[in-house]
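Ligands are counted one by one from 1 in listed order, and the atoms in each one are counted from 1 as well.
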Amino acid sequence: MDIIKRIEEYRSQEEKLRWEGTFAEYLEIVREKPYVAQTAHSRVYNMIADAGIEEVDGHRRYLFFSNEIYGLDRTLERLVEEYFHSAAMRLDVRKRILLLMGPVSGGKSTLVNLLKRGLEKYSRTERGALYGIKGCPMHEEPLHLVPHELRPEVEKELGVKIEGDLCPYCRLMVEQEYHWRGEDVPVERVLLSENKRIGIGTFSPSDPKSQDIADLTGSIDFSTIAEYGSESDPRAYRFDGELNKANRGIMEFQEMLKCDEKFLWNLLSLTQEGNFKAGRFALISADEVIIAHTNEAEYKAFISNKKNEALQSRIIVLPVPYNLRVSEEEKIYQKLIRQSDLGHVHIAPHALMAAAIFSILTRLKDSKKQGMDLIKKMRLYDGEAVEGFKDSDVEELRNEFPEEGMDGIDPRYVINRISSALIRRDTECINALDVLRALKDGLDQHPSITKEEREKYLNFIALARKEYDELAKKEVQKAFVYSYEESAKTLLENYLDNVEAYCNWTKIRDPLTGEEMDPDEKLMRSIEEQIGISENAKKAFREEIMIRISTYARKGKKFDYNSHERLREAIEKKLFADLKDVVKITTSTKTPDENQLKKINEVTARLIDEHGYCPICANELLRYVGSLLNR
Ligand SMILES: Nc1ncnc2c1ncn2[C@@H]1O[C@H](COP(=O)(O)OP(=O)(O)O)[C@@H](O)[C@H]1O
Ligand SMILES: [Mg+2]
Ligand SMILES: [Zn+2]
Ligand SMILES: [Zn+2]
């Protein structure tokens, strides 16, 4: 790739997007594409909707978030429906601050960032385009130039709504430079950019106690005040507060409730009617999405203070809990690992899953439902079928604790533990046991864990380990069965010969001695029992197999190992059972004989080729499973 050329291309693309004209020309654009004059809330909503919406089980999934945010579909649905969609329809919620409230490292900043970066991009597309008065410190909507008296007519003519008034700076400019000839005022396309402080801003409280409201609303410009003589001359004021700069887009307000009460009061009265006050000027119109975030403790302290009641009504709170699905949690870890410099290490299959099980268990609340336990609940939440429970039970579980997911272990903590384990072990590969051990060691150092919690968490690690053990055993047995494929075929043939004789009331011939024998009932039953076929049902099952075989024969197809799903399962299970001892011996022996060595190599190769293991973790798995089977 020619990097310089790519940079040039990028620059020329940005150049191409630029547009400059007069207000009169802008009106023609609005006539053709009224959406250029939509509000910031509406633009954010359309950005999300344009990325695509899927219906899943009566819930909406917004693809806009799906590559970055995992397991928070319900939260995102509320965010989009209850906040952005309503706000886009100009309902009252858009005049309130959106407050994301949730536990540390639960994805709040990631969510806001996604919206900010998304809107920067969207403003560069046709559907997301917007325009502003050239030179306005707030890149304000040019339609503010339309006098109030004429707005009803103009709105009807153009099919748009006009809200807000010229900012003090533009008002003066239009008066002095254009003598109120609004049609001549220059307009330009606005390309949102946080770096350039255009329409996207971040406010993070510096010193909460002495926070200056000017950081939000701008301040007097002492370098020009002598020239203009008065603090109320807009030319002697810098409209460069975060609220000014984020006009038309999004302002992120980090850790909002860390701010002093007085400051919040100021802020909230500023934002309440889509206006804010700065210096000695009339109200300034603002069209921006304000998204704040905070943690639960601060939020609780905030609402428990009676004095804050009025403030609360100006805030829309959206709880952002931790993800509660194991499979989604794994995706979060994968993402975090990709983003870190752990990219080169091999993560053994199921290692992240083991950690995810632990994390999710720390976040779940014990249900009072009959027959329910945390592991079952965890499975149900992850969309697995659990015997004795239905979909409606899952819904009930969710409703049992509306605040579930507001505490527990956070994803970043898990990743930190994994990386410290890696450093300590100095290895190229890390497996589930390493991960669980690292998490266990970490419990002693975790700053905010009580003694009881520690006990509870140790138990969760044990549960995660048990889940992993089952999987590990199954995986090894499967790999063994594969290398015993010949045995599976022989077993099948053997079974079919016997079934045929049974159904036809004939005898079978012993392949060695040529002797005639009755069908081997014991063999047939030992296979059928694997899939729960009772003594009473065996005849029907065998006849069904015979019918299947003759159907195949008529069509000229060969009946084989894969031709009958349940029979195959039965054969595999029988093999598992027969092989158990072989696996046990082969995997745990210190000095394998030639034959055993061959099997081990075959199985290892299969684990590597088909199941994502590397030589290190494949061998570790075999040894581990060997020790499990020998217990
Ligand atoms: N549900 C989630 N989906 C995707 N990533 C997540 C999720 N929860 C946390 N993360 C990741 O964990 C890290 C910490 O999240 P962050 O957004 O900083 O949390 P917060 O701002 O709530 O403290 C980020 O890298 C984030 O991408
Ligand atoms: Mg954050
Ligand atoms: Zn202006
Ligand atoms: Zn490995």
Side-chain angles (χ1 to χ4, degrees), residues 23 65-76 79 99-117 131-145 164-175 177-178 182 185-188 190 202 204 218 234-235 237 239-240 244-245 247-248 252-256 258 278 281-282 284-287 291-296 298-299 318-340 356 359-360 363 405-416:
F23 178 58
F65 304 102
S66 57
N67 284 335
E68 284 280 338
I69 299 196
Y70 304 110
L72 296 185
D73 287 354
R74 299 289 174 106
T75 301
L76 295 173
L79 171 73
L99 178 62
L100 307 179
M101 186 266 293
V104 58
S105 286
K108 302 183 294 299
S109 302
T110 308
L111 179 54
V112 182
N113 250 319
L114 208 56
L115 292 170
K116 294 201 297 188
R117 300 291 86 79
Y131 297 79
I133 295 178
K134 188 170 185 215
C136 171
M138 297 173 61
H139 6 272
E140 70 182 298
E141 169 58 60
L143 290 175
H144 291 173
L145 286 161
D165 295 296
L166 286 174
C167 77
Y169 182 92
C170 290
R171 185 175 298 281
L172 188 71
M173 171 180 79
V174 175
E175 182 192 332
E177 289 177 39
Y178 297 93
V185 171
V187 168
E188 63 182 357
V190 177
T202 304
S204 52
R235 289 166 301 184
Y237 194 88
F239 296 91
D240 65 353
N244 304 106
K245 288 302 171 189
N247 190 39
R248 311 302 298 282
E252 173 183 7
F253 194 154
Q254 297 180 335
E255 311 290 348
M256 178 166 105
K258 286 210 167 58
F281 304 106
I284 297 176
S285 310
D287 168 30
I291 311 181
H293 35 96
T294 186
N295 62 42
E296 198 182 24
E298 272 161 4
Y299 179 69
L318 180 75
V320 182
Y322 287 136
N323 155 54
L324 297 177
R325 304 182 61 160
V326 173
S327 55
E328 300 291 314
E329 188 73 7
E330 273 189 80
K331 291 187 199 159
I332 299 177
Y333 300 160
Q334 277 157 2
K335 182 183 78 170
L336 286 168
I337 288 172
R338 263 200 314 275
Q339 290 167 356
S340 70
S359 301
I360 302 294
R363 299 171 190 170
M406 283 301 189
D407 50 26
I409 291 286
D410 68 87
R412 197 165 260 156
Y413 174 78
V414 171
I415 294 303
N416 288 343

- Message: For a distance under 2.8 Å, tell me if H139 has an N/O/S atom near the Zn ion (ligand 3).
- Response: no
- Message: Angle between ring planes, F281 versus F239, binned at 30° and 60°: parallel, tilted or perpendicular?
- Response: tilted
- Charged N to carboxylate O below 4.0 Å: is that the case for R117 and E68? no
- With N244, the side chain to side chain contact (heavy atoms under 4.5 Å, CB included) member among M138, H139, E140: M138
- Task: Please confirm whether Q339 comes within less than 3.5 Å of ligand 1 when only nitrogen or oxygen atoms on both sides are compared.
- Result: no
- Item | Any G106 heavy atom less than 4.0 Å to ligand 1 | yes
- Among all protein non-hydrogen atoms, which one is nearest to atom 15 (O) of ligand 1, and what is the separation to 0.1 Å? G107 N, 3.6 Å
- Please confirm whether P411 comes under 4.0 Å of ligand 1, counting heavy atoms of the residue only. yes
- Task: Using a strict cut-off of 4.0 Å, indicate which atoms of ligand 1 neighbour a heavy atom of L72.
- Result: 1 (N)
- Below 3.5 angstrom, do we get any N/O pair linking L336 and ligand 1? no
- N, O or S atom of H144 closer to the Zn ion (ligand 3) than 2.8 Å: no
- Decide whether an N or O pair under 3.5 Å exists between V104 and ligand 1. no
- At the Zn ion (ligand 3), what's the angle from C136 SG to C170 SG, rounded to 10 degrees? 110°
- For E140, the N, O or S atom at the shortest distance from the Zn ion (ligand 3) is OE2
- Query: Any N/O of S105 closer than 3.5 Å to an N/O of ligand 1?
  - Reply: yes
- Atoms in ligand 1 flagged as close to K108, the criterion being non-hydrogen separation under 4.0 Å: 17 (O), 19 (O), 20 (P), 21 (O), 22 (O), 23 (O)
- Message: With a 4.0 Å cut-off on heavy atoms, is E328 in contact with ligand 1?
- Response: no
